[in-house]
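Heads up, the thing below is written out as structure tokens.
Heavy atoms only: backbone and side chains are in, while hydrogens, waters and symmetry mates are out.
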Amino acid sequence: MFFKKLSNLSLFVASLVLAPLSVLAGQSQSDSAAIREAALDYIQGWYTGDAARMERALHPELAKRIVRVDTLGNYRLDQQSAMTLVQGTRNGFGKSTPQADRHDDVRILDIYRNAASVRIDASYWIDYLQLAKWRGRWVIVNVLWELKPKA
């Protein structure tokens, strides 16, 4: 009798622990795929000059920023909007990147509810993306980027 109660208790505790994980795993797989797709639309759209693909990846109020330091040690924060990024893509600025240098390594760092963080190792820079699930779609709302050191 004691072992039967212990067994039932173990099953109950295991179900409490594992049930939320199974729900999150199903949601996480779908969200992970959509987040990866948005990140790839962003970086591959840039390389190929596909403005529609870039625009699909971005929230209209996106801010893309980089910290710059001049030779005097003065700091500034340079910023691009979604419109600037889409226009640059449309103008083919990313197409000048040699095919061999077009890296698009996407790593999802974290997902929590309707927010996600992603790292893209691109050709000459690293992008840190913040995405939001906006009206049922994952879109990029912020990008903080940094140039890789010259070899």
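Partners of Asp105 according to the salt bridge (Lys or Arg N to Asp or Glu O under 4.0 Å) rule, which considers only residues two or more places apart in sequence or in another chain, do not exist here. Legend: residues meeting side-chain contact (heavy atoms from CB on, under 4.5 Å) with Pro98, ordered by chain and number and at least two apart, are Asp101, Tyr124. Among residues two or more places apart in sequence or in another chain, the side-chain hydrogen bond (donor to acceptor under 3.5 Å, both in side chains) test is passed with Thr97 by none. Arg65 meets the salt bridge (Lys or Arg N to Asp or Glu O under 4.0 Å) test with no other residue; sequence neighbours excluded.
When every heavy atom of Ala39 is checked against every heavy atom of Ile120, the shortest pair comes out as O-CD1, 3.7 Å. Here the closest heavy-atom approach between residue Trp138 and residue Ala34 is recorded as CD1-CB, 3.6 Å.
Taking a 4.5 Å side-chain heavy-atom cut-off between Ile, Leu, Val, Met, Phe, Trp and Tyr, the cluster of Ile126 extends to Leu109, Tyr128. Annotation for Tyr75: hydrophobic cluster partners, listed by chain and number, are Val67, Val69, Leu77 (ILVMFWY side-chain heavy atoms under 4.5 Å, direct or chained).
Following chains of ILVMFWY side-chain contacts shorter than 4.5 Å, one cannot reach Val141 starting from Ile111, and the two form parts of different hydrophobic clusters. The cluster map of Ile, Leu, Val, Met, Phe, Trp and Tyr, joined by side-chain heavy atoms under 4.5 Å apart, puts Leu85 and Leu40 in the same cluster. Leu144 and Ile35 are not part of a single hydrophobic cluster, where members link through side-chain heavy atoms under 4.5 Å apart.
Applying the salt bridge (charged side-chain N to carboxylate O under 4.0 Å, His left out) definition to pairs two or more places apart or across chains, those involving residues 75-89 are Arg68-Asp78, Arg76-Asp78. Note on residues 137-151: no pairs pass salt bridge (charged side-chain N to carboxylate O under 4.0 Å, His left out), not counting sequence neighbours. Among residue pairs with one or both ends in residues 78-97, none qualify as ring-ring contact (aromatic ring centres under 6.0 Å, His included); sequence neighbours excluded. Legend: salt bridge (charged side-chain N to carboxylate O under 4.0 Å, His left out) pairs involving residues 84-93, not counting sequence neighbours: none detected.
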Enumerate, atom names and distances included, each donor-acceptor pair closer than 3.5 Å involving a side-chain atom of residues 44-51, sequence neighbours excluded.
{"residue": "Gln44", "atom": "OE1", "partner": "Arg53", "partner atom": "NH1", "Å": "3.3"}
{"residue": "Gln44", "atom": "OE1", "partner": "Arg53", "partner atom": "NH2", "Å": "2.6"}
{"residue": "Gln44", "atom": "NE2", "partner": "Asp104", "partner atom": "OD2", "Å": "2.5"}
{"residue": "Tyr47", "atom": "OH", "partner": "His103", "partner atom": "N", "Å": "3.4"}
{"residue": "Tyr47", "atom": "OH", "partner": "His103", "partner atom": "O", "Å": "2.8"}
{"residue": "Tyr47", "atom": "OH", "partner": "Ser123", "partner atom": "N", "Å": "2.9"}
{"residue": "Thr48", "atom": "OG1", "partner": "Gln44", "partner atom": "O", "Å": "2.8"}
{"residue": "Asp50", "atom": "OD1", "partner": "Ala52", "partner atom": "N", "Å": "3.3"}
{"residue": "Asp50", "atom": "OD1", "partner": "Arg53", "partner atom": "N", "Å": "3.0"}

Give the table of side-chain donor-acceptor pairs shorter than 3.5 Å for residues 55-64, with sequence neighbours excluded, one pair per line with atom names and distance.
{"residue": "Arg56", "atom": "NE", "partner": "Asp41", "partner atom": "OD2", "Å": "3.0"}
{"residue": "Arg56", "atom": "NH2", "partner": "Asp41", "partner atom": "OD1", "Å": "3.2"}
{"residue": "Arg56", "atom": "NH2", "partner": "Asp41", "partner atom": "OD2", "Å": "3.3"}
{"residue": "His59", "atom": "ND1", "partner": "Glu61", "partner atom": "N", "Å": "2.9"}
{"residue": "Lys64", "atom": "NZ", "partner": "Tyr42", "partner atom": "OH", "Å": "3.0"}

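The side-chain contact (heavy atoms from CB on, under 4.5 Å) with Asp127 is formed by just one residue from the set Val118, Val143, Val106, Ile140; it is Val143. Considering Arg36, Arg113, Lys133 as possible partners of Asp31, the one that fulfils the salt bridge (charged side-chain N to carboxylate O under 4.0 Å, His left out) test is Lys133.
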